[in-house]
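We count residues from 1, following the sequence as given. FYI, side chains are in, hydrogens and waters are out, and symmetry mates aren't considered; it's all heavy atoms of this structure.
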Amino acid sequence: MGPTRNYKSTVERAQCTLQDPEKLSGALINVAKHLGNLKFRVWEKMQEIVQYTPVTLDPNTAHPRLILSEDLTSVRGGDEIQQLPDNPERFDKYASVLGSEGFNSGTHCWDVEVGENPWWNVGVMTESLQKQGDFYSKSGLWFVWYKDSKYSACASPQPDTLLTLKQKLQRIRVQLDWDRGELSFSDPDSNTHIHTLKHTFTERVFPYFNMGCTVSPLRILPVKASVRVDQHS
C-alpha cells in the first residue's frame, strides 16, 4: 500500500456527515433577562450597599472644637480648637453644629445615636437665631438634653422641663411636624414617646446638635431607601 493510498484511506476515515444542531428551547442566552431595564436593575441592587441619611451636618456651622466625620453624619469633640474661618454661621461659644438642610413645611424625622455620650442636646433651631454668643437665653431653640444622668426638654428661653425615663437612651428620634407646630421626641428602641414641644413655627428651622465628648460621638442613623415602580391605573 503506497503513500497515496494511505492518504486517501485516512481522509475517508476522518470524514463525517455534519448534522444541524437540535433546536432546543432555551439554548440561547436570555439577552432580555440580562439587558432589559439594565439601569433600573443596577439602581435596585444599589439599595443593598448605599445608605440614605435624612440629616447631614453642616461643617460651616460647627464649633472649632468639634470634629465631623468625612460623610458628615457624626460629630465628636476634639482635644484642641481648630483654626477655622470665623464666619457668622459658625458657633463660637457652645460646642454646637446644625444640619445642612432646614425645614419650613412638612414632616421630617431623624434618629440620633447618643450611645454613652455623657452630655448632649438634640433638637431644632431657627434660621434667624444668632449662632455666636449666648443664644440659649433667646427664643428660637427647642431640644431635649442629657447631663448628669438627667433628661430635660427646653424651649428657650423658658425654664427646662425635667423628664422621667425608665431606661437610659441609646438612640433618640426627633420628629418635626412644622405645619402642626410640634417637635416630638421618642425612644426608637422601645417605641416610647418621651416629650412633645409645641410652637407655631414661622420660619425655617434646622436640626441642632450640641455635645463635646471626645470618645462617644453623636451619629445620625441611616434609613432604609426603597425603589418603587408606580403602575398606570
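Between F209 and P207, the shortest heavy-atom contact is CE1-CB, 3.8 Å. In this structure, G102 and F206 approach most closely via the heavy-atom pair N-CE2, 3.2 Å. Summarising the geometry of D134 relative to K93, their closest heavy-atom pair is N-CD, 3.7 Å, with the distance given to 0.1 Å. Across all non-hydrogen atoms, the minimal contact from H195 to A153 is CD2-CB, 3.4 Å. Contact detail for D111 and R173: the closest heavy-atom pair is OD1-NE, 2.7 Å. W119 and N117 get closest at one heavy-atom pair: O-OD1, 2.6 Å.
The list of side-chain hydrogen bond (donor to acceptor under 3.5 Å, both in side chains) pairs with a residue in residues 97-108, not counting sequence neighbours, reads T56-S100. Residue pairs satisfying the side-chain hydrogen bond (donor to acceptor under 3.5 Å, both in side chains) criterion with at least one member in residues 216-225, sequence neighbours excluded, are listed as follows: E113-R219.
No side-chain heavy atom of I172 sits less than 4.5 Å from a side-chain heavy atom of D187. Contact of the D177 side chain with the F201 side chain is not registered, since no non-hydrogen atoms from C-beta on lie closer than 4.5 Å. Using a 4.5 Å heavy-atom cutoff, the side chains of D79 and T214 are in contact. Two residues are said to be in side-chain contact when any heavy atoms from C-beta on lie closer than 4.5 Å; P88 and K131 fail this criterion. In this structure, the side chains of V122 and Y208 stay at 4.5 Å or more apart for every pair of heavy atoms. With contacts defined as side-chain heavy-atom distances shorter than 4.5 Å, the pair L197/E182 does not qualify. At least one side-chain heavy atom of L183 sits under 4.5 Å from a side-chain heavy atom of V174. Looking only at side-chain heavy atoms (C-beta outward), Q167 and T192 stay at 4.5 Å or farther from each other.
Remark: side-chain polar atoms of T53 are not paired, donor with acceptor, to backbone N or O of P222 under 3.5 angstrom. A donor-acceptor contact shorter than 3.5 Å links the side chain of K168 to the backbone of G115. The closest donor-acceptor contact from the side chain of N210 to the backbone of W120 lies at 3.5 Å or more, if one exists at all. Judged by distance alone, with hydrogens and angles left aside, the side-chain atoms of R171 form no donor-acceptor pair with the main-chain N or O of V114 at under 3.5 Å. Between the side chain of Q82 and the backbone N or O of P64 there is at least one donor-acceptor pair closer than 3.5 Å.
The CG atom of L84 sits 12.0 Å away from atom CG of D92, with the distance rounded to the nearest 0.5 Å. From I220, atom CD1 reaches atom OG of S69 across 8.0 Å, with rounding to the nearest 0.5 Å. How far CD of Q51 is from CE of M46: 12.0 Å, rounded to the nearest 0.5 Å. Rounding to the nearest 0.5 angstrom, the gap separating the CE atom in M125 from the CZ atom in R204 is 15.5 Å. Atom CD1 in I194 sits 6.0 Å away from atom OG in S186 (nearest 0.5 Å). Of the inter-residue distances, the one linking M211 atom CE with K147 atom NZ reads 13.5 Å to the nearest 0.5 angstrom.
Hydrophobic clustering keeps L98 apart from L176 (ILVMFWY residues linked when any side-chain heavy atoms are closer than 4.5 Å, directly or through intermediates). In this structure, F103 is not a member of the same hydrophobic cluster as Y52, with clusters built from ILVMFWY side-chain heavy atoms closer than 4.5 Å. Hydrophobic clustering keeps V223 apart from V55 (ILVMFWY residues linked when any side-chain heavy atoms are closer than 4.5 Å, directly or through intermediates).
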Can you check side-chain contact (heavy atoms from CB on, under 4.5 Å) on V112 and W110, steps first, answer last? CA-CA 7 Å; V112 183; W110 56 97; 3.8 Å; yes

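Every side chain to side chain donor-acceptor pair (under 3.5 Å) that S128 has, sequence neighbours left out, goes to E203. Under the side chain to side chain donor-acceptor pair (under 3.5 Å) criterion, T196 pairs with S184, H193, not counting sequence neighbours. Scanning for side-chain contact (heavy atoms from CB on, under 4.5 Å) contacts around P59 gives L68, L72, with sequence neighbours left out.
Y94 and N121 share no donor-acceptor pair across their side chains, judged by distance under 3.5 Å alone. For the residue pair D58 and T61, no side-chain donor N or O sits within less than 3.5 Å of a side-chain acceptor on the partner. In this structure, a donor-acceptor pair under 3.5 Å is present between the side chains of Q170 and E116.
Aromatic pair F91/F135: centroids less than 6.0 angstrom apart.
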Contacts under 3.5 angstrom, residues 138-146 side chains, donor-acceptor by atom type, not counting sequence neighbours:
{"residue": "W145", "atom": "NE1", "partner": "D160", "partner atom": "OD2", "Å": "3.1"}

